[in-house]
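This report refers to the structure that appears directly beneath it.
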Amino acid sequence: MLHMLSAALRWFVVLAEEGQVTAAADILGIAQPTLSRRLATLEQQMGVQLFDRHGRRLTLNGHGELLFQHARRGLDELDAAESRIAELTSPTDGTVRLDFLHSLGSWLVPALIREFHSTAPRIRFALHQDASGHLADRILTGHSDLAAVSPRPRAPGLGWLLLDHQQLALAVPTGHALAGRRDIDLRDAAGEPFIAMHPNYGMRRLLDEAAERAGFAPRIVFESSELPTATGLVSAGLGVALVPTREADPEATGVVLVPIRGSDAVREVGMVWALGRPLTAPARRFRDFVANRTDAAP
């Protein structure tokens, strides 16, 4: 359809630029009588003459100049649309709109992009960081193609690819009564002041769910949007925090990580996409690459 629209405009633009039927017909690769008939049909449809005739020479009049300006812009837009569609359907070019949690930006996302670029160097990435709940909304509304999130969103209509299981631990200050324990049940910390992530963040949901299973409501004294900030407040002796051991700084001074007992004391990290909307070719290629990488991981 775009090709037909483009062809319908292009012959008129070429004729206007050349100012001669014979020269324009040669450029377009059509017979001169055919081009003359097209012009006559167009002028009949428009209800006006588009050219002033000077022998074999054609010069745009006011009506023709107006049509030429719009036709030229139309061709530019059609060419841009064709390029954009080709980009979206090409598995070797184009852009992947990838969202991710702030905490995944220091290790998971850079590693995935670096490895993927070794197989598809021309595919670009448009990156966006936000809270887990917001990322799920962006996927469902079409603002992004894929998102690396944790935990698995509850919203329906999302595909899910599990990437990693992370052990959860309680971060406590050095010298804390629980610091010397090999592991703990989270209910052992029921009376502690908690430093938590803001609402709508994945780790906040995990804390609320884990505390509910343990039979208590955490007393939250500080809220943060960054895990390093939370562990920093722990090191200052201001409270304890539930953290994934994979993303906690093992050399952070003043902080001890005590693993939480139980098979449900884990953080699932995964990738989501909208089930009701086909992925672009670049996004589908990246998702499949990540899936194969995950399957091959030990």
Side-chain angles (χ1 to χ4, degrees), residues 1-6 74 76-105 107-166 197-206 209 225 267-297:
M1 179 61 72
L2 288 182
H3 178 73
M4 294 174 60
L5 289 172
S6 177
D76 290 341
E77 290 296 323
L78 287 171
D79 289 344
E82 287 182 328
S83 296
R84 179 62 178 149
I85 289 172
E87 180 181 90
L88 292 176
T89 55
S90 170
T92 59
D93 297 277
T95 301
V96 178
R97 299 175 300 169
L98 177 64
D99 289 3
F100 55 96
L101 301 179
H102 291 83
S103 62
L104 303 180
W107 62 282
L108 177 63
V109 172
L112 291 178
I113 293 177
R114 181 177 63 252
E115 293 174 21
F116 179 69
H117 266 166
S118 67
T119 65
R122 294 198 307 226
I123 291 181
R124 300 176 297 278
F125 284 82
L127 304 177
H128 177 83
Q129 295 174 290
D130 212 327
S132 184
H134 295 154
L135 296 185
D137 291 340
R138 283 175 53 84
I139 291 292
L140 291 171
T141 56
H143 287 88
S144 292
D145 302 313
L146 301 163
V149 298
S150 177
R152 182 174 183 172
R154 295 168 173 159
L158 291 173
W160 170 256
L161 172 64
L162 180 64
L163 302 180
D164 193 20
H165 281 102
Q166 300 177 331
M197 306 299 285
H198 289 294
N200 212 34
Y201 277 69
M203 281 305 303
R204 176 62 172 271
R205 176 182 146 192
L206 290 178
E209 292 176 349
S225 58
R267 180 197 195 199
E268 287 187 339
V269 176
M271 182 172 287
V272 295
W273 61 93
L275 292 174
R277 184 177 60 255
L279 286 172
T280 65
R284 185 172 61 253
R285 181 174 179 181
F286 179 65
R287 183 202 59 188
D288 293 346
F289 170 85
V290 173
N292 292 332
R293 173 188 184 274
T294 302
D295 290 342

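Keep in mind that this is a model prediction, so the values were computed, not measured.
- In this structure, CE in Met271 is found 10.0 Å from CG in Leu104, a value given to the nearest 0.5 Å.
- Remark: Pro199 engages Arg204, Glu223 in a side-chain contact (heavy atoms from CB on, under 4.5 Å) (not counting sequence neighbours).
- Evaluation of the salt bridge (charged side-chain N to carboxylate O under 4.0 Å, His left out) test over residues 271-281, restricted to residues two or more places apart or in two chains, returns none.
- Taking both residues in full, the closest heavy atoms of Ser132 and Gly202 are given as CB-N, 3.8 Å, listed atom of the first, atom of the second, then distance.
- Closest approach of Leu98 to Val109, counting heavy atoms only: CD2-CG1, 4.1 Å.
- Scanning both residues, Trp160 and Val269, for their nearest heavy atoms gives CH2-C, 4.0 Å.
- For Asp137, the side-chain hydrogen bond (donor to acceptor under 3.5 Å, both in side chains) criterion is met by no residue, not counting sequence neighbours.
- Residues satisfying the side-chain contact (heavy atoms from CB on, under 4.5 Å) criterion with Leu140, sequence neighbours excluded, are Ala155, Leu158.
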Would you be so kind as to tabulate the donor-acceptor pairs closer than 3.5 Å made by side chains of residues 142-151, with sequence neighbours excluded?
unit_1, atom_1, unit_2, atom_2, d
His143, ND1, Thr141, OG1, 2.7
Ser144, OG, Asp99, OD1, 2.7
Ser144, OG, Asp99, OD2, 2.8
Ser144, OG, Arg138, NH2, 3.0
Asp145, OD1, Arg97, NE, 3.3
Asp145, OD1, Arg97, NH2, 2.9
Asp145, OD2, Arg97, N, 2.9
Asp145, OD2, Arg97, NE, 3.4
Ser150, OG, Arg267, NE, 3.1
Ser150, OG, Glu268, O, 2.6

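- Residues satisfying the side-chain contact (heavy atoms from CB on, under 4.5 Å) test with Gln129, not counting sequence neighbours, are Phe100, His102.
- Across Ile123 and Val96, no two heavy atoms sit closer than the pair CG2-CG2, 3.7 Å.
- One finds the CZ atom of Arg287 at 14.5 Å from the CG atom of Leu112 (value rounded to the nearest 0.5 Å).
- Considering all non-hydrogen atoms of both residues, Pro110 and Gly105 come closest at CG-O, 3.2 Å.
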Stepwise side-chain contact (heavy atoms from CB on, under 4.5 Å) check, Trp273 with Leu161: CA-CA 9 Å; Trp273 61 93; Leu161 172 64; 3.8 Å; yes
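- Arg114 is linked by a side-chain contact (heavy atoms from CB on, under 4.5 Å) to Ala111, counting only residues two or more places apart in sequence or in another chain.
- Contact detail for Pro153 and Val272: the closest heavy-atom pair is CD-CG1, 3.8 Å.
- Using a 4.5 Å heavy-atom threshold, the side chains of Phe116 and Arg293 count as separate.
- With sequence neighbours left out, Tyr201 forms a ring pair (Phe, Tyr, Trp, His ring centres under 6.0 Å) with no residue at all.
- Listed by first and then second residue, the salt bridge (charged side-chain N to carboxylate O under 4.0 Å, His left out) pairs that reach into residues 146-165 are Arg154-Glu209, sequence neighbours excluded.
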